[in-house]
> 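Following this message is one structure expressed as structure tokens.
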Amino acid sequence: MIKKRLTESEKLHIKKLVGLGLSLNHMVRLTGKSKTTIYHHFRKIRGRTQLPIRINPRNSQLVGEFIGVFAGDGCFYKMPDKKHRVSLHFNRSEKKYVDEFKQQVLKKIFGKIPSEYYQTNRYNLYYYSKPIYHFIIGFLHWDEKSRKTYSVHLIRRNYPRTFKIGFLRGMLDSDGHLSSKKISFATVSPELAQDITSFLENLDIPCKLSSYEDKRANRKRIYHITIPTQSFFKFLNTVNPRNKT
């Protein structure tokens, strides 16, 4: 059988190449394997990504959570073949959180589990979906001529309370810090920092905004939003973070 011709390591390598959006012919050139040898595995992985996406926007808290995670750890890339790849990146140590996020957020909003692959110490989730891309840019804006993290921010802030709670949860779980001694958010986007502080104030959760200039070359000013110790309990009960690793 075709499956037996590839080692587990080779199968993982093919899965990674599919995740990078490479064509079958390109993968044949890179791996040195025949097209028939890798075709079965290519179609098995790629085929899953072509199932229709059915976006369910009714749960505004889950939508806010997804948008918060994408703002913190997501990216978009238009492939050479015109496909739209939406990706989320996590540390490999966060697998328990990622498994919950896939089932409890992504599957409920988009009707399917994303594809995934490992890359060094990163755990990557992705969809090939133009509708998801347009769904995202209905909430977020960023300068496409530079790194998304420099300028990403919400297009508006007049969302329902549930969306704000979800957005703060997604931002904290992706780009924040949670411990028994500190709860904080960090971003290099000044407008995103204002989105976060605005939502915290709307939820009557005190916070402190500060920033500092990174002296290293080609670095941006970093904005920190910190929750004071006396407000930890209120923040945790209101936002209910998922990622406690």
> Using distance only, find each side-chain donor-acceptor pair of residues 155-170 under 3.5 Å and give its atom names and separation, not counting sequence neighbours.
from	atom 1	to	atom 2	distance (Å)
Arg156	NH1	Asn158	O	2.8
Arg156	NH1	Asn158	OD1	2.8
Arg157	NE	Asp195	OD1	2.6
Arg157	NH2	Asp195	OD1	3.2
Thr162	OG1	Ser60	OG	2.3
Lys164	NZ	Asn202	OD1	2.8
Arg169	NE	Val239	O	2.9
Arg169	NE	Asn240	O	3.1
Arg169	NH1	Gln61	OE1	3.3
Arg169	NH1	Glu65	OE1	2.9
Arg169	NH2	Gln61	OE1	2.5
Arg169	NH2	Val239	O	3.1

> Closest approach of Tyr128 and Lys83, non-hydrogen atoms and distance?
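That would be CD2-CB, 4.0 Å.
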> For Lys108 and Asn59, run side chain to side chain contact (heavy atoms under 4.5 Å, CB included): C-alpha distance rounded to whole Å, both residues' side-chain angles, the deciding distance at 0.1 Å, then the answer.
CA-CA 9 Å; Lys108 290 183 178 180; Asn59 190 320; over 6 Å; no
> Measure the spacing between CD1 of Ile53 and NZ of Lys130 and express it to the nearest 0.5 Å.
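So the CD1 of Ile53 and the NZ of Lys130 are separated by 15.0 Å.
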> Decide, yes or no, whether a salt bridge links Lys102 with Asp99 under the criterion of side-chain N to carboxylate O below 4.0 Å.
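Yes, this pair counts.
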> Identify the two heavy atoms, one from Lys148 and one from Ala71, that lie closest to each other, and give their separation to 0.1 Å.
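So the two residues come closest at NZ-O, 3.1 Å.
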> List the steps, then state whether side chain to side chain contact (heavy atoms under 4.5 Å, CB included) holds for Tyr123 with Glu94.
CA-CA 8 Å; Tyr123 190 33; Glu94 299 177 298; over 6 Å; no
> Step by step, would you call Phe66 with Leu88 a side chain to side chain contact (heavy atoms under 4.5 Å, CB included)?
CA-CA 10 Å; Phe66 166 69; Leu88 301 171; 4.2 Å; yes
> Can you tell me how far apart OG (Ser210) and CD1 (Ile222) are? Round to the nearest 0.5 Å.
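Interatomic distance, Ser210 OG to Ile222 CD1, rounded to 0.5 Å: 10.5 Å.
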> Please check if Ile227 and Leu236 belong to a single hydrophobic cluster, counting links between Ile, Leu, Val, Met, Phe, Trp and Tyr side chain heavy atoms closer than 4.5 Å.
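Linked, Ile227 and Leu236 end up in one cluster.
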> Same cluster or not: Ile55 versus Val69, using hydrophobic residues (I, L, V, M, F, W, Y) connected whenever any side-chain heavy atoms lie under 4.5 Å apart?
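Yes, same cluster.
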> Between Gln194 and Tyr223, is a side chain to side chain contact (heavy atoms under 4.5 Å, CB included) present by the stated rule, with each step listed?
CA-CA 10 Å; Gln194 291 297 327; Tyr223 297 86; over 6 Å; no
> Report the distance from atom CG of Leu178 to atom CD1 of Ile183, rounding to the nearest 0.5 Å.
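Separation between the atoms: 5.5 Å.
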> Heavy atoms, side chains only, cut-off 4.5 Å: are Pro57 and Phe135 in contact?
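Yes, at least one pair of side-chain atoms sits under 4.5 Å.
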> Examine Phe70 together with Phe76 and report whether their ring centres are nearer than 6.0 Å.
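Centroid separation for Phe70 and Phe76: 6.0 Å or greater.
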> Is there a donor-acceptor contact under 3.5 Å from the side chain of Ser189 to the main chain of Val152?
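Yes, because the side chain of Ser189 sits within donor-acceptor range (under 3.5 Å) of the backbone of Val152.
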> Checking Asn124 against His89: is there a side-chain donor and acceptor pair closer than 3.5 Å?
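Checked: His89/Asn124 side chains pair up, N/O donor to acceptor below 3.5 Å.
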> Are any side-chain N or O atoms of Asp173 and backbone N or O atoms of Asn243, one a donor and one an acceptor, separated by less than 3.5 Å?
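It does hold such a pair.
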> What's the separation between atom CD1 in Ile205 and atom OG1 in Thr238, rounded to the nearest 0.5 Å?
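Atom-to-atom, Ile205:CD1 and Thr238:OG1 are 4.5 Å apart.
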> Side chains of residues 138-147: which donor-acceptor partners sit under 3.5 Å, not counting sequence neighbours?
from	atom 1	to	atom 2	distance (Å)
Asp143	OD1	Lys145	N	2.9
Glu144	OE2	Tyr133	OH	3.3

> Quick check: closest heavy atoms across Ser179 and His177, and the distance to 0.1 Å?
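So the two residues come closest at OG-NE2, 3.5 Å.
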> Is there side-chain contact between Thr187 and Thr149, with at least one heavy-atom pair below 4.5 Å?
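A side-chain contact under 4.5 Å is absent here.
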> Does the ring of Phe101 carry Arg242 above it, NZ/CZ under 6.0 angstrom from centre and within 45° of its axis?
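No - Arg242 does not lie over the ring of Phe101 by the 6.0 Å and 45° rule.
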> Got a second to check how far Phe185's CZ is from Leu172's CG, nearest 0.5 Å?
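If I round to the nearest 0.5 Å, the distance is 4.5 Å.
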> Using every non-hydrogen atom in the two residues, find where Arg221 and Ser211 come nearest and quote the distance to one decimal.
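Shortest heavy-atom contact: NH1-OG, 3.0 Å.
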> Write down the atom of Tyr126, the atom of Ser87, and the distance for their closest heavy-atom approach.
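In this case the closest contact between Tyr126 and Ser87 is CB-OG, 3.7 Å.
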> Hey, any chance Leu154 and Val188 share a hydrophobic cluster, counting ILVMFWY side chains that come within less than 4.5 Å of each other, even indirectly?
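No: no chain of side-chain contacts under 4.5 Å links Leu154 to Val188.
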> According to a hydrophobic-cluster definition based on side-chain heavy atoms being under 4.5 Å apart (Ile, Leu, Val, Met, Phe, Trp, Tyr only), do Tyr77 and Tyr150 belong together?
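Tyr77 and Tyr150: separate clusters.
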> Taking Lys234 for the side chain and Asp204 for the main chain, is one N or O donor matched with an acceptor at less than 3.5 Å?
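A pair under 3.5 Å: yes.
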> Nearest heavy-atom pair of Ile113 and Lys107: which atoms, and what distance?
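For Ile113 and Lys107, the tightest heavy-atom pair comes out as CD1-CB, 3.8 Å.
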> Could you state the interatomic distance from NE2 (His224) to NZ (Lys208), rounded to the nearest 0.5 Å?
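Nearest 0.5 Å value for the NE2-NZ distance: 11.5 Å.
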> Leu209 and Ile196: same hydrophobic cluster, using ILVMFWY side-chain contacts below 4.5 Å?
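Leu209 and Ile196: one cluster.
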